[in-house]
Amino acid sequence: MEPSFLSSEAFNAVLQAVLASSGASESFVLFHDGGGTVRLGPGDVRRLEGDWGAGLDRWLPPEGDTLPLLHGGQTVGLLCTVPGEALSAGTDHTLSGLLAQVSVTADPWSADQLSGQSALVDRCGRLRAATPGWFALFGLSGEATGQPLGELRPGWRRLEQVLPDVLAGRAHGLPAWREESAGQAARTLGGDLRPWPVMGGELAALFTVWALDPAPRAVPGDAAPAGLASGHAAFQAIFGHAPQAQWIVDARGTVLDGNAAAAALEPGGAAATLGEPIWSSGVWRGLDPVRRQVRAAALRAGRGEASELLLEMEAGAPWQLRARPLDRSHALFEAVPLDHDPKTVERQLALLDVLMAHSGEAVIVTDGRGRPLMFSGAVRRMMMPGAQEAAARDWARHFELRGTDGAPLSPAQFPAVRALRGEQVQDEEVLVVSDQGTRSLAMSAHLLPGDLGAVVLARDLGEKRRLLSYLSQVTRRDPLTELPNRQAFLDRIETALEQRRHDPETRYAVLLCELGGLGDPLATFGPVLGQRLWLDCAARFRDVFRSTDLVARFEQGQFAALLARPGNGLGLILDRLRESFSVPFTVGEETFVPELRVGLVPDLGTQLSPHDVLFRASQSLRVLPVHMLASE
């Protein structure tokens with residue numbers, strides 16, 4: 001950091017004189033004058049590079065005391081003293097009064113407090129501030145500030161509709177959408193609107209956007225932002241019964257109050273002590289690097305800036321610390337122990353990754369927004385056959401989910417997202433369309449505990465249907481001749497009878513044929529020649545009947561046919577049947593003509609059941625004579 005003297009040399013000289021007269025030789029003051037952060041000591045003045053919030057960890061001394069300088073309950077600067085250097089009484093009040101004339105309080109609508117691609121929207125739906133990345137993503141400039149979202153983009157009018165919910169303290173996730181920017185490739189984006197404390201009890205909406213194509217943005221756990229004064233009865237009720245340890249601190253970082261969860265922390269000084277700076281006590285006591293993080297968070301909160309930190313402890317699980325401004329003079333601190341050891345989690349994730357990669361079950365694990373985080377090997381084979389090594393976040397490049405009507409499913413209709421909304425999703429059919437074709441899957445979604453996301457289990461319905469179709473064919477076909485068997489024939493007669501009931505003009509006839517004089521061909525001629533005889537018989541029956549007729553094989557030498565609209569052709573079929581079976585059969589060295597017996601039901605008429613039809617046909621079985629009329 002290169003030193004750069006401020007223009008107001010007289011004012012700086014006054015500040016330096018106050019420090020020097022108070023006994024300071026190495027102590028210094030940090031304050032913000034609108035142009036940036038200034039470090040002023042008895043002998044030098046420097047403008048520091050970087051903003052106030054992000055630079056505190058670097059600028060504050062590792063040892064000594066840091067005293068917030070307050071004016072009107074708001075932090076206007078910091079007095080940093082080194083060990084062994086005690087300043088005279090009243091120095092802080094003098095410096096506070098001087099700094100109040102130049103120190104610029106953090107603008108509650110400033111984009112400096114934002115990160116990534118995010119913007120602040122007021123309760124009227126107007127854009128108040130945004131990061132450069134947010135402006136660049138949507139091709140907007142600073143001139144858009146102050147305009148309603150719906151005028152900037154017509155599609156954002158729906159965001160204005162959910163603002164009342166956001167300002168009431170509820171976050172809203174946005175369905176994924178494609179964004180095309182000039183000079184940039186189209187990207188799939190995700191986003192959300194969440195409450196954001198601005199000043200006092202006022203809330204704004206933080207509109208954050210992230211890219212889904214590269215890597216999903218890690219979204220920290222949402223604590224309802226504090227926008228109530230610390231003395232508000234409703235706030236006190238929530239504060240007192242919160243399951244996490246919470247403290248209220250003033251602008252100096254001094255602990256004013258702690259809830260029951262904070263008081264119940266393990267004995268031995270783990271709970272922050274009332275009346276002490278929050279960084280000087282608590283679970284981080286004695287851990288200098290962690291204490292510095294907590295101190296920086298407290299000082300940022302004194303200027304109205306929120307923060308969230310992961311505190312790595314020397315022993316035991318890490319802690320998550322959240323700091324949220326309440327009003328001009330108070331902030332809410334919340335500490336949550338993360339009940340895991342990083343190494344244990346790493347080992348568990350590695351084991352899960354191996355199990356998922358080789359699992360035969362189709363499993364999809366999603367985050368708390370329903371976005372896929374992990375696919376099992378079976379899912380990749382079914383849904384991403386050409387991208388076995390692709391990341392789960394890239395699923396949209398490799399397949400598309402559709403409903404049974406063929407219409408694409410919106411992100412809000414995905415099974416995991418619906419389960420996260422509280423809907424029950426059990427064995428619902430979904431079509432998966434990929435480069436390899438379309439698959440029909442049955443999906444069930446189940447919530448993970450602790451708002452961790454959801455698990456989706458998938459079953460391939462196409463494979464099941466193919467198996468059922470195959471089994472149906474096997475159980476309804478004669479295994480030797482592949483003609484329909486007795487059960488299939490009965491089912492077809494049932495359908496014909498139903499058609500007859502609806503349309504009396506429909507006509508069907510049934511022929512039952514029995515070959516006599518053969519005995520047991522398999523025993524007489526052996527399995528090979530015996531099977532060849534039955535195949536020859538089946539071929540002759542097929543040739544006799546029309547393509548619209550159904551020919552079936554029953555036990556041994558029985559065959560049957562269902563003739564649709566037989567009409568005058570029934571006599572012709574009988575003549576062809578007699579002619580075909582009058583030709584001798586040759587089996588091995590033997591030649592013979594079997595006896596052919598035929599039972600005929602020329603019209604189904606008012607038969608009650610398929611079994612009645614076959615019984616009537618069997619009762620009329622007789623040897624087919626040289627001349628047999630259809631009427632006989």
Apply side chain to side chain contact (heavy atoms under 4.5 Å, CB included) to residues L299 and L60 and explain how you reach the verdict. CA-CA 11 Å; L299 298 175; L60 296 178; 3.7 Å; yes
Run the numbers on L19 and L40 for side chain to side chain contact (heavy atoms under 4.5 Å, CB included), then give the verdict. CA-CA 9 Å; L19 281 175; L40 184 146; 3.9 Å; yes
With side chain to side chain contact (heavy atoms under 4.5 Å, CB included) as the test, would you mind laying out the steps for V166 and V121 before giving the verdict? CA-CA 11 Å; V166 175; V121 182; over 6 Å; no
Candidate pair L98 and V14, rule side chain to side chain contact (heavy atoms under 4.5 Å, CB included), full reasoning: CA-CA 9 Å; L98 291 170; V14 172; 3.8 Å; yes
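Between the side chain of R421 and the backbone N or O of A412 there is at least one donor-acceptor pair closer than 3.5 Å. A donor-acceptor contact shorter than 3.5 Å is absent between the side chain of E26 and the backbone of V82. Side-chain atoms of S21 come within 3.5 Å of backbone N or O of A17 as a donor-acceptor pair. Formation of a donor-acceptor pair under 3.5 Å by the Q293 side chain with backbone atoms of V290 is not found in this model. The closest donor-acceptor contact from the side chain of Q16 to the backbone of G41 lies under 3.5 Å. Using modelled atom types, no side-chain atom of T208 and backbone atom of S118 make a donor-acceptor pair closer than 3.5 Å. When atom types are taken as modelled, the side chain of R291 and the backbone of W279 share a donor-acceptor pair closer than 3.5 angstrom.
Using a 4.5 Å heavy-atom threshold, the side chains of L332 and I248 count as touching. Under the 4.5 Å side-chain criterion, counting only non-hydrogen atoms from C-beta, D165 is not in contact with L193. Residues L67 and T81 are not in side-chain contact: their nearest non-hydrogen atoms beyond the backbone lie 4.5 Å or more apart. Between V363 and L457, the closest side-chain pair of non-hydrogen atoms falls below 4.5 Å. Put simply, the side chain of W395 does not reach to within 4.5 Å of the side chain of I364, judged on heavy atoms.
Contact between P61 and C80 at its shortest, heavy atoms only, is CD-CB, 4.0 Å. The minimum heavy-atom distance linking L167 with A205 is given by the pair CD2-N, 4.4 Å. Minimum interatomic distance between G253 and A298 (heavy atoms only, all atoms of both residues): CA-CB, 4.3 Å. Taking all atoms of both residues into account, the shortest heavy-atom contact from L120 to W196 is CD2-CD1, 3.5 Å. Shown here for R126 and D122, the closest heavy-atom pair between the two residues is N-OD1, 2.8 Å. In this structure, G258 and W247 approach most closely via the heavy-atom pair CA-CD1, 4.0 Å.
In this structure, the separation between OG1 on T366 and CG on L373 is 6.5 Å, given to the nearest 0.5 Å. The CH2 atom of W59 lies 4.0 Å from the OG1 atom of T37; values are rounded to the nearest 0.5 Å. Remark: D92 CG to L79 CG distance equals 7.0 Å, nearest 0.5 Å. Rounding to the nearest 0.5 angstrom, the gap separating the CD atom in E423 from the CD atom in Q413 is 10.0 Å. Separating the CZ atom in R371 from the CG atom in L420 is a distance of 11.0 Å, to the nearest 0.5 Å. To the nearest 0.5 Å, the span separating CG on L69 from CG on L78 amounts to 6.5 Å.
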Enumerate donor-acceptor pairs with a distance under 3.5 Å from any side-chain N or O in residues 133-146 to protein atoms, sequence neighbours excluded.
{"unit_1": "S141", "atom_1": "OG", "unit_2": "E143", "atom_2": "N", "d": "3.4"}
{"unit_1": "T145", "atom_1": "OG1", "unit_2": "G142", "atom_2": "O", "d": "3.0"}

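A distance below 6.0 Å separates the ring centres of W156 and F207.
Under the side chain to side chain donor-acceptor pair (under 3.5 Å) criterion, D65 pairs with no residue at all, not counting sequence neighbours. Qualifying side chain to side chain donor-acceptor pair (under 3.5 Å) partners for S25, counting only residues two or more places apart in sequence or in other chains: E85.
Test R292, R295, R252 against T66 for side chain to side chain donor-acceptor pair (under 3.5 Å) and you get one pass: R295.
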